[in-house]
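Comments concern the structure below.
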Amino acid sequence: MNLFIFNNLNNDDVVTSLLKFKSDGDEDAYYQAARKLISFSKHRLTDGNIIDEYILRLMLEQDNLPNPETIRDFLRQDIKTVYDNLLCIDWDKLCISQESCSNFFL
């Protein structure tokens with residue numbers, strides 16, 4: 001993903017695995033992400049979607065965030081990119097379309 005501010009997402013194993021599963025249907029990537037999300041879910045704050053919470057937490061925990069006033073356009077672009085590539089995906093539906101995947105995200 002082309003990100004300006006939240007480029008830490010590109011280096012996260014769960015994010016890269018989810019994107020690989022999304023683009024290639026790679027089941028190994030799916031299971032790699034699922035294992036890490038299961039571990040993460042022990043520390044969840046909400047009953048919402050595990051993936052959404054994980055991604056948003058990564059964004060909030062980014063080190064050295066610049067002043068939003070000076071980077072407003074870049075911030076908007078990053079949020080749109082993250083939303084389009086990760087948060088707006090119906091992961092349940094995608095998983096169901098991959099017949100051999102378990103329904104972890106359901």
Residue set satisfying side-chain hydrogen bond (donor to acceptor under 3.5 Å, both in side chains) with N85, at least two apart, ordered chain then number -> K22
Across all chains, not counting sequence neighbours, the side-chain hydrogen bond (donor to acceptor under 3.5 Å, both in side chains) partners of T81 are Q77
With sequence neighbours left out, the residues meeting ring pair (Phe, Tyr, Trp, His ring centres under 6.0 Å) with Y54 are F40
Between L18 and A33 the two heavy atoms that sit nearest each other are CD2-CB, 3.9 Å
If I take atom [atom1] from residue [X] and atom [atom2] from residue [Y], how far apart are they, to the nearest 0.5 angstrom?
| X | Y | atom1 | atom2 | answer |
| --- | --- | --- | --- | --- |
| F74 | I79 | CZ | CD1 | 14.0 Å |
| C95 | I89 | SG | CD1 | 13.5 Å |
| S41 | I51 | OG | CD1 | 11.5 Å |

The complete set of salt bridge (Lys or Arg N to Asp or Glu O under 4.0 Å) pairs with one or both residues in residues 1-11, sequence neighbours excluded, reads none
If we ignore hydrogens and angles and just use 3.5 Å, is the side chain of W91 paired with the main-chain N or O of L86 as donor and acceptor? yes
Using the salt bridge (Lys or Arg N to Asp or Glu O under 4.0 Å) criterion, which residues pair with [X]? Sequence neighbours excluded.
| X | answer |
| --- | --- |
| D26 | K20 |
| K36 | D13 |
| D84 | K80 |

Can you check whether I50 reaches E53 side chain to side chain, under 4.5 Å on heavy atoms?
no
Original post:
Can you check whether N10 reaches V15 side chain to side chain, under 4.5 Å on heavy atoms?
Top reply: no
Sorted by chain and residue number, the side-chain contact (heavy atoms from CB on, under 4.5 Å) partners of L87 (sequence neighbours excluded) come out as D52, I55, L56, V82, Y83
For residues 1-8, please give each side-chain donor-acceptor pair under 3.5 Å, one per line with the distance, not counting sequence neighbours.
unit_1, atom_1, unit_2, atom_2, d
N8, ND2, L58, O, 3.2
N8, ND2, Q62, OE1, 3.1

